[in-house]
Asks: 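Dropping a structure here in structure tokens format, bear with me for questions.
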Protein chains: 4
Amino acid sequence: MARNATSAGGGTGTGAGAAVPERLLAEATRLFAERGYDRTSVQEIVEAAGVTKGALYHYFGSKDDLLHEIYGRVLRLQTERLDAIVARDTDVRGRLAEAAADVVVTSIQNLDDTKIFFRSMHQLSPEKQKAVRAERRRYHETFRSLIEEGQRDGHFRPELRPDLVVDFFFGSVHHLGTWYRADGPLSADQVATEFSDLLLHSVQRP
Amino acid sequence: MARNATSAGGGTGTGAGAAVPERLLAEATRLFAERGYDRTSVQEIVEAAGVTKGALYHYFGSKDDLLHEIYGRVLRLQTERLDAIVARDTDVRGRLAEAAADVVVTSIQNLDDTKIFFRSMHQLSPEKQKAVRAERRRYHETFRSLIEEGQRDGHFRPELRPDLVVDFFFGSVHHLGTWYRADGPLSADQVATEFSDLLLHSVQRP
Amino acid sequence: MARNATSAGGGTGTGAGAAVPERLLAEATRLFAERGYDRTSVQEIVEAAGVTKGALYHYFGSKDDLLHEIYGRVLRLQTERLDAIVARDTDVRGRLAEAAADVVVTSIQNLDDTKIFFRSMHQLSPEKQKAVRAERRRYHETFRSLIEEGQRDGHFRPELRPDLVVDFFFGSVHHLGTWYRADGPLSADQVATEFSDLLLHSVQRP
Amino acid sequence: MARNATSAGGGTGTGAGAAVPERLLAEATRLFAERGYDRTSVQEIVEAAGVTKGALYHYFGSKDDLLHEIYGRVLRLQTERLDAIVARDTDVRGRLAEAAADVVVTSIQNLDDTKIFFRSMHQLSPEKQKAVRAERRRYHETFRSLIEEGQRDGHFRPELRPDLVVDFFFGSVHHLGTWYRADGPLSADQVATEFSDLLLHSVQRP
DNA sequence: TATGAATGAGGGTTCATTCAT
DNA sequence: GATGAATGAACCCTCATTCAT
């Protein structure tokens with residue numbers, strides 16, 4: 001029974017003056033990443049956003065709905081970017097390298113979403129989980145198609161199972177939320193370059 | 001205030017006749033993997049184990065303690081195996097390949113622990129979390145030493161950051177819990193072989 | 001995390017139609033006096049008040065908070081009355097007699113609070129206990145100042161330690177909750193008169 | 001179903017080598033005084049005494065029984081002492097002064113018992129409570145008889161109600177547990193002398 | 001004489017959600 | 001559009017006591 005949250009409200013920023021739904025999503029994202037979905041109470045979210053419970057339930061059907069909306073955002077973003085990269089008219093190795101680097105950079109730029117993604121998926125209601133998984137699967141399939149294309153072209157080793165390669169790589173990506181620190185020694189680009197390089201070397205013909 | 005759970009009780013099996021602490025740990029592992037730590041109630045655990053809450057709290061200081069014990073078991077197991085492999089007197093490439101394949105196999109054989117590991121770490125109490133992280137770090141360092149050895153020997157690409165490679169690979173390993181299915185098309189050995197192969201190709205000199 | 005209980009709600013009575021926080025405080029006072037703080041369950045309080053646990057925790061941060069609020073009420077009442085009496089412009093002997101009689105009367109009129117006071121103080125959380133003790137100390141100091149004034153004036157025996165006299169007398173007052181019965185042979189005024197008389201005789205110069 | 005605790009066991013000291021029942025009583029007294037009866041668990045008592053729960057339940061029928069035994073000890077002690085003083089063949093004023101001073105000194109010497117006495121009485125089972133109150137009443141009656149004797153002799157003011165005087169004074173005595181500190185500025189004798197003096201002055205004819 | 005595993009009832013507290021206003 | 005009082009169910013945990021050994 002989710003209201004159409006994203007189109008409600010007026011502003012689009014995330015500061016104190018932003019529209020209420022945006023503020024709620026921003027604070028929820030921060031808190032879910034910080035202490036986990038189940039450990040974050042609705043009360044804490046509305047306090048952080050400076051509104052009351054009634055307001056939250058006016059815009060979102062449930063706490064679960066908030067989480068679903070967060071997943072929707074990051075999935076839409078990553079799908080759009082991947083689709084754009086895949087559609088380019090360049091060597092498949094370059095597109096795979098770019099796709100890999102791009103998902104690392106956006107995962108780091110939205111590290112809270114990354115943390116939430118791999119830790120809280122199973123806390124969604126079954127049907128929402130199904131929807132998210134389906135969308136995620138389409139994303140993986142697109143990524144996999146790059147591998148397959150490279151195998152057909154003779155650039156990538158034909159004995160590899162493309163789906164396993166995808167799971168191999170996205171494990172690494174999802175894991176970023178566990179160890180990456182914005183105040184650490186590595187920039188997002190450095191990690192992206194090296195992860196992309198590792199992936200390419202692992203699939204390319206010798 | 002954790003009681004000495006692992007040494008208590010008489011039996012060591014996990015069936016209905018096994019010792020109470022073992023039964024509790026087994027059921028807790030299963031339930032935590034199935035529905036998450038926060039979503040599993042102490043009541044459900046004791047019902048599954050066929051005892052009462054009082055019995056659980058006789059052996060374990062808290063629900064948190066149960067989780068800590070689960071982490072301890074898997075960490076001990078993996079550390080022992082890795083140490084044994086690293087200590088061998090063979091080519092570093094072979095040892096890295098074997099270490100990688102082995103952690104994949106044991107992660108799949110203990111898939112419930114793997115699921116719990118990367119999803120519930122942050123639900124441990126801060127101090128227990130610290131202890132687990134410290135032990136995990138030592139494990140990673142041992143693994144990393146293999147990469148460094150290979151770089152010194154000239155087998156592995158010197159431009160790679162060993163710690164990044166470790167995080168890259170263990171992301172893939174932890175992610176197994178998310179997608180691997182025992183009743184799926186792939187055996188543990190198949191996954192282990194291919195993951196190990198991907199790692200080796202990603203680090204070896206061309 | 002105590003909500004502002006005393007200013008919440010609309011009514012001020014204590015009957016079934018009174019505001020919820022007031023009803024909760026009234027029933028808690030009665031039950032704490034009757035069977036002790038630790039022996040009174042939150043469930044019993046809310047049942048007596050005709051609400052649910054959630055309502056209690058909406059107004060009070062904890063069971064401990066309820067007790068603290070009860071202490072606050074009686075302390076405010078007694079402090080106000082004592083300050084008014086001390087400030088009068090009459091003979092110090094009269095003021096001491098009146099102060100003594102007054103605290104006896106109000107202790108009997110609020111016998112439940114008196115019972116709770118000396119039995120449940122140590123069941124408050126350490127910091128709340130500290131706060132209550134500090135306020136209680138100020139009350140005692142005001143009372144003591146009457147003794148000291150009488151000693152300076154030459155009405156009271158100079159060899160007495162004023163603080164010991166205060167502890168001596170307030171022991172008697174706190175003890176009222178142990179033996180006084182509203183349906184017994186003595187009126188509040190009779191006890192007040194005699195206690196006041198005993199105090200005056202014990203301190204006056206022969 | 002209390003076993004005959006006091007006659008069981010061999011030793012009579014309270015150190016680590018003392019007999020088990022004595023050690024249990026000593027630790028229970030200390031803990032009850034420190035944190036209250038309800039807040040002290042049987043587990044804590046047996047741990048402090050260096051025995052197990054089974055041992056406690058071997059000597060005492062219940063936790064309640066322990067408390068009852070503690071009451072019994074202090075009551076027996078005080079009754080014996082008062083009876084001895086009252087029986088003397090001296091001026092009633094001297095005997096009252098001595099009785100008053102003596103109960104103050106023994107209350108301070110057994111301050112833990114004093115604290116427990118006035119705080120935990122109502123946590124005894126109803127029938128044990130009745131027994132304790134009956135014994136306490138006999139003690140008060142003996143004390144009251146001194147007042148009455150003094151009134152008959154013309155030493156004490158005849159208009160006073162002897163029972164009120166007793167309650168007045170024993171309030172002060174019971175209250176000692178609340179404020180007296182062994183490491184404070186006042187010795188037991190100093191307090192005893194002044195309390196006794198206050199009592200005598202309050203009852204004597206001018 | 002003493003153990004300690006196990007019970008079972010109840011403890012205080014939290015929380016997503018609803019609804020009259 | 002928004003409030004916040006109130007619900008009701010579930011939560012983790014504690015504890016005095018029992019009993020087979």
Side-chain angles (χ1 to χ4, degrees), chain A residues 1 3 8-10 19-21 37-46 51-66, chain B residues 1 3 8-10 19-21 24 38-46 49-66, chain C residues 1 3 8-10 19-21 24 37-46 49-66, chain D residues 1 3 8-9 19-21 37-46 51-66:
Chain A
M1 206 59 62
R3 282 75 160 174
V20 169
Y37 177 79
D38 281 327
R39 305 261 168 130
T40 304
S41 73
V42 167
Q43 187 60 44
E44 289 169 324
I45 296 169
V46 299
V51 299
T52 58
K53 284 189 192 176
L56 187 150
Y57 281 93
H58 181 72
Y59 290 111
F60 299 93
S62 64
K63 185 187 175 189
D64 184 85
D65 228 42
L66 261 177
Chain B
M1 203 58 66
R3 285 72 163 171
V20 169
L24 285 166
D38 280 330
R39 301 268 166 123
T40 303
S41 73
V42 167
Q43 189 57 45
E44 289 169 326
I45 296 169
V46 300
V51 298
T52 59
K53 282 188 203 176
L56 187 152
Y57 283 95
H58 181 71
Y59 291 107
F60 300 94
S62 63
K63 186 188 174 188
D64 185 84
D65 226 44
L66 259 179
Chain C
M1 203 60 64
R3 284 73 163 173
V20 169
L24 285 165
Y37 177 79
D38 279 330
R39 301 269 167 124
T40 303
S41 73
V42 167
Q43 188 58 44
E44 289 169 326
I45 296 169
V46 299
V51 296
T52 58
K53 284 188 194 177
L56 187 151
Y57 282 94
H58 182 71
Y59 291 107
F60 300 94
S62 63
K63 185 187 175 189
D64 183 86
D65 226 45
L66 259 179
Chain D
M1 204 60 63
R3 283 74 163 174
V20 170
Y37 176 80
D38 280 328
R39 304 260 168 129
T40 303
S41 72
V42 168
Q43 188 60 43
E44 289 169 325
I45 297 168
V46 299
V51 299
T52 58
K53 284 188 191 175
L56 187 149
Y57 281 94
H58 181 73
Y59 290 111
F60 299 93
S62 63
K63 185 186 174 189
D64 185 85
D65 227 43
L66 261 178

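Just so we're on the same page: letters track the sequence lines, and every chain starts at 1. As the structure is a computational prediction, the values presented were derived from the model and not from experiment.
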Asks: Summarise how protein sits on nucleotides 16-21 of chain E as a single string, 5' to 3': B when a protein heavy atom is under 4.0 Å from the base, S for sugar-phosphate-only contact, - for no contact.
Replies: BBB---
Asks: Tell me whether B:K63 contacts the main-chain N or O of B:S41 through its side chain, where contact means a donor paired with an acceptor under 3.5 Å.
Replies: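 Here the side-chain-to-backbone pair does not exist.
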Asks: Expressed as a whole number of angstroms, how long is the span from D:E44:CD to F:dT14:C1'?
Replies: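 Taking atom C1' of F:dT14 as the reference, CD of D:E44 is at 11 Å.
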Asks: Return the minimal non-hydrogen interatomic distance between B:R39 and B:E44, and the atom names on each side.
Replies: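 Here B:R39 and B:E44 meet closest at O-OE1, 3.7 Å.
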Asks: CZ of C:F60 versus P of E:dG12: gap in Å, rounded?
Replies: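 The answer, rounded to whole Å, is 15 Å.
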Asks: Can you run through DNA chain E from 5' to 3' and write each base as (, ), [, ], | or . depending on how it pairs? Watson-Crick or G-U wobble, both distances under 3.5 Å.
Replies: .||||||||||||||||||||
Asks: Nearest whole Å is fine: how far is F:dT14 P from B:L56 CG?
Replies: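 The distance from CG of B:L56 to P of F:dT14 comes to 11 Å, rounded to the nearest Å.
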Asks: Could you check which of F:dA2, F:dA5, E:dA6 has an atom nearest any side-chain atom of B:Y59?
Replies: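 Side chain of B:Y59 sits closest to E:dA6.
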Asks: Would you say a side-chain N or O of D:H58 is under 4.0 Å from OP1 or OP2 of E:dT1?
Replies: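 Yes, D:H58 has a side-chain N/O under 4.0 Å of OP1/OP2 on E:dT1.
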Asks: Just the rounded figure in Å: distance from P of F:dA10 to CZ of B:R39.
Replies: 14 Å
Asks: Name all residues meeting the side-chain contact (heavy atoms from CB on, under 4.5 Å) criterion together with B:T52; count only those two or more places apart in sequence or in a different chain, and write none if there are none.
Replies: B:A55
Asks: List in chain and number order the residues that pass side-chain contact (heavy atoms from CB on, under 4.5 Å) with B:D64, two or more places apart in sequence or in another chain; answer none if no residue qualifies.
Replies: B:Y37, B:S62, B:L124, B:S125, B:K128
Asks: Once rounded to the nearest 0.5 Å, what's the spacing between atom CD1 of D:I45 and atom CZ of D:F60?
Replies: 9.5 Å
Asks: Any side-chain heavy atom of A:L56 within less than 4.5 Å of one from A:V42?
Replies: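 Yes - at least one pair of side-chain heavy atoms lies under 4.5 Å apart.
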Asks: Which of these nucleotides, F:dG1, F:dT3, F:dT7, is closest to any side-chain atom of C:V51?
Replies: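 Output: F:dT7.
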Asks: Testing the basics here: between C:V20 and C:Y59, what is the closest heavy-atom pair and its distance to 0.1 Å?
Replies: CG1-CE1, 3.6 Å
Asks: Which of these nucleotides, E:dT3, F:dT3, E:dG8, is closest to any side-chain atom of A:T52?
Replies: F:dT3
